Amino acid sequence: MGASELRLRVEGHEIAVTNPAKLLFSDDHISKYELIDYYRWVAPRMLPFLRDRPIALERYPNGIGQVGFFQKSVPSYFPDWVKTIEVEKKQGGVTRHVICNNGAVLVYLANQACITPHIWISRVDKLECPDQMVFDLDPSADAFDWVRAAALALNELLQELTLSAYVKSTGSRGLHVIVPLKRTESFESVRAFARAVAMRVVMEEPSQRTLQQRTGSRHGRVFFDINRNAYAQTVAPPYAVRARPNASLSIPLFWEEVRSKTLRPDGVTLRDIRKRLDGMIDPWADFWRRASALGSARRKLELLGVSVRVPQKAKFR
DNA sequence: GCAATGA
DNA sequence: TCATTGCAACGCCAA
DNA sequence: TTGGCG
């Protein structure tokens, strides 16, 4: 296992794989080559969720047992066939991000020890308007039954509002609930809507659910994180590998699976997934045909007595 | 992971 | 040539 | 304004 190197040809691009045998998940003996091989295999399913979005890289060059880092800006040594986009930061300045529209880029990123590529929830041709609304349900401790119940309650309300919601494991400790959107609303109004929905679901079971972002204020409850619904914020996409034991994955689920006590948020791994997907219908097959506008849903929500307003930043003088 | 730096 | 070092995010919100 | 948080 020396500093060997091999070359892969992916979609017409020659990619040098450095240190293929290096263990990125040392407890599980999962090498960088195995990560690369996974992303090459999963690319056809995963790429629709990456396409035309700025990407942030979560990298672990020395494996998940060592410190890793987030990387947004594209290093100058990336090859020119890796497409990029320059985006404005909210507080001024610009950053040039990777766009991952093909398997070659996904493989190249994996060779960079990018274990998880994180996506924006808006696309390059309309960065100010998200095409999905994200609810990240995160337990404080090992309370996954509460997460399942919270996700089901959230889905029930979203259905009442005639919104289509999709659920996936995070590959970590929680679940993601995603509503595909038409790109007609700003991040501020989408976030305000998500906050109002989350507030209502939290109030149904306040001893199990919270909107408190400080961990010390959660008291064991499930945190409804709606703050990913913001400009330049990112979320782990479907099929992403997580920097967790067993190389667990974020995986699309059927709502019916969320009713099962045996569901685990980290139960499918880089090594398991082929047998899960074999012959299985895609739970998210209709995702891109189900985009909603929020207008009528907002009116229905207000009829339920929930105020949906964008908090105004105080600005005197 | 990589490029720049220095021994 | 080899070993070391520096570098690689940012927005929301509550305190 | 800072710093926790994801």
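On a predicted model such as this, the values are computed, not experimentally measured, just so you know. Throughout, a chain's letter reflects where its sequence line sits, starting with A, and its residues are numbered from 1.
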Euclidean distance, atom CZ of residue A:Arg218 to atom C1' of C:dA14 [Å, nearest integer]: 13 Å
Closest nucleotide among C:dA15, B:dG1, C:dC13 to the A:Gln213 side chain: C:dC13
A:Arg148 side-chain N/O to A:Val258 backbone N/O, donor-acceptor pair under 3.5 Å: yes
Nearest-Å distance for atom pair CG/P, residues A:Asp225 and C:dC12: 12 Å
Between P of C:dG11 and CD of A:Glu188, the distance in whole Å: 12 Å
Sugar-phosphate only, base, or nothing, as touched by A:Ala56 at under 4.0 Å among non-hydrogen atoms: nothing
Distance between C1' atoms of B:dG1 and C:dC10 (Å, rounded): 22 Å
Position toward the 5' end of DNA chain C (nearest nucleotide), A:Asn227 or A:Thr234: A:Thr234
Pairwise P distance, B:dC2 and C:dG11 [rounded to whole Å]: 28 Å
A:Ile226 CD1 - D:dG6 C1' separation (whole Å): 12 Å
Spacing between A:Gln233 atom CD and D:dC5 atom C1', to the nearest angstrom: 11 Å
Any residue of residues 104-133 of chain A with a heavy atom less than 4.0 Å from an atom of DNA chain B: A:Asn111, A:Gln112, A:Ala113
From CA spacing to verdict: side chain to side chain contact (heavy atoms under 4.5 Å, CB included), A:Ile119, A:Val235: CA-CA 5 Å; A:Ile119 59 168; A:Val235 64; 3.9 Å; yes
Between P of C:dA9 and CD of A:Gln91, the distance in whole Å: 17 Å
Residues within residues 57-78 of chain A bordering DNA chain B, heavy-atom distance below 4.0 Å: A:Arg59, A:Pro61, A:Tyr77
Sidechain-backbone polar pair: A:Tyr33 side chain, A:Val17 backbone, donor-acceptor under 3.5 Å: no
A:Gln112 vs A:Phe78 side-chain heavy atoms within contact, under 4.5 Å: yes
More than 12 heavy atoms from other groups under 6.0 Å of CZ on A:Arg259: no
Euclidean distance, atom CG of residue A:Asn229 to atom C1' of C:dG11 [Å, nearest integer]: 12 Å
Expected output: side-chain A:Asn101 to main-chain A:Asp52 donor-acceptor under 3.5 Å: yes
Phosphate-side-chain proximity, A:Lys89 and C:dC10, N/O vs OP1/OP2 below 4.0 Å: yes
For atom CG of A:Asp136 and atom P of C:dC12, their distance in whole Å: 16 Å
A:His118-A:Phe70 aromatic ring centre distance below 6.0 Å: yes
Any A:Arg228 side-chain N or O less than 4.0 Å from OP1/OP2 of C:dC10: no
Separation of the P atoms in D:dC5 and C:dC7, to the nearest angstrom: 27 Å
Sugar-phosphate only, base, or nothing, as touched by A:Thr95 at under 4.0 Å among non-hydrogen atoms: sugar-phosphate
Touch class at under 4.0 angstrom, heavy-atom based, for A:Arg191 against every strand present: sugar-phosphate
Touch class at under 4.0 angstrom, heavy-atom based, for A:Thr215 against every strand present: sugar-phosphate
Ring geometry between A:His97 and A:Trp120 (parallel below 30°, tilted from 30 to 60°, perpendicular above 60°): perpendicular
A:Arg173 (side chain) donor-acceptor with A:Asp138 (main chain) under 3.5 angstrom: no
Sugar-phosphate only, base, or nothing, as touched by A:Arg173 at under 4.0 Å among non-hydrogen atoms: nothing
Main-chain N/O of A:Val241 paired to A:Tyr39 side chain as donor or acceptor, under 3.5 Å: yes
